[in-house]
Every structure is written in C-alpha cells, then in structure tokens.
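Report on the following structure.
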Amino acid sequence: MSEPRLKCIICNKEYDPEEIVYNCKSCGGLLEVTMDPPDVSWDRFANRPFGVWRYRELIPIKEGTEIVSLDEGGTPLYRCDRLARWAGVRRLFIKYEGRNPTGSFKDRGMTVGVTKARSLGSRAVACASTGNTSASLAAYAARAGITCYVILPSGKVAMGKLAQALMHGAKVISVKGNFDQALKLVMDVSRSMGIYLLNSINPWRLEGQKTLAFELVEQLGHVPELVSVPMGNCGNISAIWKGFKELSGAGMISEKPRMYGVQAAGAAPVVEMLRKNLESITPIKSPETIATAIRIGNPVNWPKAVEAIRGSGGIYDSVTDEEIVETQKAIAYLEGIGVEPASAASVAGVRKAVRACLIHPDAEVVCVCTGHLLKDPEEVITVCGKPVEIPPDLKAVSDLISPEPLPQTCFG
Ligand code: F0G
C-alpha cells in the first residue's frame, strides 16, 4: 500500500496522516484521505469474510495496526420485486445497513475511525449525534477500551439509539439545541481538550464507509445504474461515491453509478442549493422532520456530497414526512425489511423520481437503507398506533380475528 496522505479538497494542501487535523489549516476546507491506486484485483479478496476488512488493501490503515472490529459490513443486498412495482422501477435492491453490529452503517466508519484513534494513542473519543453515530461510537470505544463522550440534541434522539449509547458506557450529554449546535460544541471541546473527534468531518471514518460501494459491486456482479442515499451530515453519500471512484481508479470497474441524494423536506439545504444552482448552502436554522437521524440544517460535508451528485451526473430531491412514513410502511409490509424513517427516504426518493421522469421505469436501482427499524420504536407507535387491548376471553379475541387476508390498502 502506498503511504496515505490527508489532503484538502479545496487547496490540495497535504497533511501527515499521523497529524490530528479535521479542516485545512490554510483555507478551512474539508480533508480527505488519498493514496495511489493500489495494485489489486477482485480475486485477492475472494477467500476472505464478507465485510469491511475484506478490502484491507483499499483501507489506508498501516499494516500491523491492531484493528478494532465487531464484524461490521457484509450486509445483505435484498432484491425487492414487490417494492420495485410499488416504486415503479424494473429492479430495486435494498442494501440493508440495519444488519450492522449496532444497527446502522455508522459501524463501517467506526471500525476504521476508532482503530485510527487508538493507533494515534487517543485516550478519549467524542461525537455529536442525531443518535446512530453515538450508538456506534459508544460500542466501538467500549470494544477498544477508550473513553467516549457524546453530545446529543435534547429530546430529538430516538430511544433505541440513546439506549445503546448509555449501555455501552458513553458519557451522554444532552444539549438544549439541535444537532448543528451540538456539533459545533463538540468540535470546539475536542480541539480544546485534545479529545479525538469522530463525526464524519473526520475523513478516516469515510474510509470505512466507502466499503459499501465495494460490496455492492461484488453482490450485484456489476456496477448499479443508480445508488440512492439519504443525506444528513452528508458523509455517507460522499464516502460511497469515493469508493466507486477508487474502484474506477484502480481499474476494478469500468463505469460508475449515478448518485441520488435524498433529504427530508424540512432539512434539505443541499437539495435547495442544487435546485437553485447555487455554489454554497444556506443553512436551515430550525430543521424539522420525523426522520430525526437526518434532522440537520448545516451539514458539514455538503461540498463532498455536491461533488458526488454533480460528479456522477446524479440527481437530488427532498421527500416529505408523509412520503417517508408511507415508504417505511411499504418496505416493512411488502418486503419484511424493517428500517428507520431516514432509511426510507432513499426508497421514497426513488418512487418520486420515477414519477417525475428522473429515473427510467426500466432502471435498476439500489437504495441504501441506513438503519434498523428498532432504532426508533416510538415513531412506530406514533405512525402505526398502539395494539388493540382486550379482556382475556375467547369471544373478544375471535371478534377481532377474520379468516380473510388483511386488506392491502395503499400497497395494492
Ligand atoms: N440514515 C441514518 C439512519 C443516519 O443515522 C444518518 C446520519 C443518515 C442516514 C445520514 O448520513 O450524515 O452521512 O449523510 N446520522 C448521523 C448521526 C448524523 O449522528 O447518527 P450522513
């Protein structure tokens, strides 16, 4: 493996990979990890377990470094024919990231991020989070024996995620503000107190998340036409696109997919920017959506996400909370796949884009479903209602049971 470098995406200034730096010191730009395209082919990976570290040569962590892992990645790619009909496309696949160790795609990034933290000698790690990042960081920090601090927007983190952060022993701090304010706080406190920051502004995390692209190519046996990704802080779409670009640079694929970035309507600064063809985002002061995971008004990685969308000839859109919930139910009911609201945005976006003629009905699309249904049980009760309660007798239960199949209502 060639020596990796940290490089500013704006002014190309380079930094030593052992330096703890999150933004370019000259221009403030985002950093990314770069290395020369490695000389590997798919055969090299063939006999290894399916997961993030299968692609060892493509992950710029020094040989011999002790890896912090919970067997992340290697998630299923489900072909969803009923959902494809519902969305109006020929072929639709769900890359189900809910099957990661802590139930979201964040684990792909944390195995690399926490490995890096430990190799740098960090004794404590921190993040701000809408929930999943904190759940994942808490688990990986526990695995590594490192102290973990998480700062969460008060009252806006789904119960499952909060439960994980607490049980894995993170010091959980609830701030009376939104995610963007929590992120600013944790960035300031990490710098001043020498704590290693593991939000997606940390480019090492994205090195783990890019492996989703590698898995997709292996699972499909080809490059998908379009990959739909929900966007919050915009790290994941950037990481997946980086993965495809690196495969292409290494001569391992001959074409790249179009990337589709989907935001929630109440938290869609990137989509707004692209719609208006502007050169930067206007942050949204009070973002709001039922998909609390992506309730973000000032995403730090927006320049990388915009490059992913524009650079891939991709598309973008926002979806309403109603569309998100209807889609979450359709995924669960038609395919048996339980996802949290933010994840459903990727599929909701596909249905909307087919109707708007932005995706051809004959297309093959992959939707990244980023988190597990059980992350947010309270949302489920809100949108599905509580179960019917009856006295413990046969008449009461038989009155409720009908031999007819359940009505298919909106799912047709
Ligand atoms: N889906 C889920 C389930 C998420 O938790 C997130 C982000 C996203 C999509 C968006 O990914 O930020 O890389 O664009 N959650 C972060 C968190 C912000 O703190 O857990 P992104």
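We count ligands from 1, going down the list as the structure has it; atoms in each ligand are counted the same way.
Proximity of a side-chain donor or acceptor of Ser122 to a complementary backbone N or O of Arg118 within less than 3.5 Å is not detected.
Counting only residues at least two apart or on different chains, the salt bridge (charged side-chain N to carboxylate O under 4.0 Å, His left out) pairs with a member in residues 306-316 are Lys245-Glu307, Glu279-Arg310. Within the structure, salt bridge (charged side-chain N to carboxylate O under 4.0 Å, His left out) contacts touching residues 192-204 (residues at least two apart or in different chains) do not occur.
Using a 3.5 Å distance cut-off with no hydrogens or angles, the side chains of Asp317 and Gln263 do not pair a donor with an acceptor. Side-chain atoms of Ser343 and Thr370 include a donor-acceptor pair closer than 3.5 Å.
Stacking of Arg48 on the aromatic ring of Trp53 is not recorded, the 6.0 Å distance cut-off and the 45° axial limit not both being met. For the pair Lys13 and Tyr15, the distance from NZ or CZ to the six-membered ring centre is under 6.0 Å and the angle to the ring normal is within 45 degrees.
Below 30°, between 30° and 60°, or above 60°: for Tyr22 and Tyr196 the angle between ring planes is between 30° and 60°, a tilted geometry. Ring geometry, Tyr96 versus Tyr78: the interplanar angle falls from 30° to 60°, so the pair is classed tilted.
The protein atom (non-hydrogen) at minimum distance from atom 20 (O) of ligand 1 is Thr133 N, 2.8 Å. Counting protein heavy atoms only, atom 15 (N) of ligand 1 is closest to Lys106 NZ, 2.9 Å. Nearest non-hydrogen protein atom to atom 11 (O) of ligand 1 is Phe105 CZ, 3.4 Å.
Within ligand 1, counting atoms from 1 as listed, the ones closer than 4.0 Å to a heavy atom of Thr370 are 1 (N), 2 (C), 3 (C), 9 (C). Every atom of ligand 1 with a heavy atom of Met231 under 4.0 Å away is listed here by number and element: 14 (O). Close approach of ligand 1 to Ile294 (heavy-atom distance below 4.0 Å) involves ligand atoms 8 (C), 9 (C), 10 (C). The Gly235 neighbourhood of ligand 1 comprises atoms 13 (O), 14 (O), 21 (P), with distances under 4.0 Å to a heavy atom of that residue. Under a 4.0 Å criterion applied to the non-hydrogen atoms of Asn236, ligand 1 contributes the atoms 13 (O), 21 (P). Close approach of ligand 1 to Ile296 is summarised as follows: ligand atoms under 4.0 Å from at least one heavy atom of the residue are 18 (C). Atoms of ligand 1 found under 4.0 Å from any heavy atom of Asn233 (numbered from 1 in listed order, with element): 12 (O), 14 (O), 21 (P). Interface of Asn132 with ligand 1, defined as ligand atoms under 4.0 Å from a residue heavy atom, comprises 2 (C), 3 (C), 4 (C), 5 (O), 20 (O).
Look at Lys116 and Glu18 and you find a salt bridge, because one of the NZ, NE, NH1 or NH2 atoms lies within 4.0 Å of a carboxylate O, short of that distance. The pair Lys156-Glu288 counts as a salt bridge, with a side-chain nitrogen and a carboxylate oxygen less than 4.0 angstrom apart.
When non-hydrogen atoms are compared, ligand 1 lies under 4.0 Å from neither the backbone nor the side chain of Lys375. For Glu340, every heavy-atom contact with ligand 1 shorter than 4.0 Å involves the side chain, none the backbone.
Checking only distances, Thr130 does come within under 3.5 Å of ligand 1, N or O to N or O. The shortest N or O to N or O distance between Gly371 and ligand 1 is not below 3.5 Å. Here's the thing with Ser343: none of its N/O atoms is less than 3.5 angstrom from an N/O atom of ligand 1.
In this structure, Cys234 has a heavy atom closer than 4.0 Å to ligand 1.
Around atom 4 (C) of ligand 1, the closest heavy atom drawn from Ala342, Ser134, Ala293, Gly131 belongs to Ala293.
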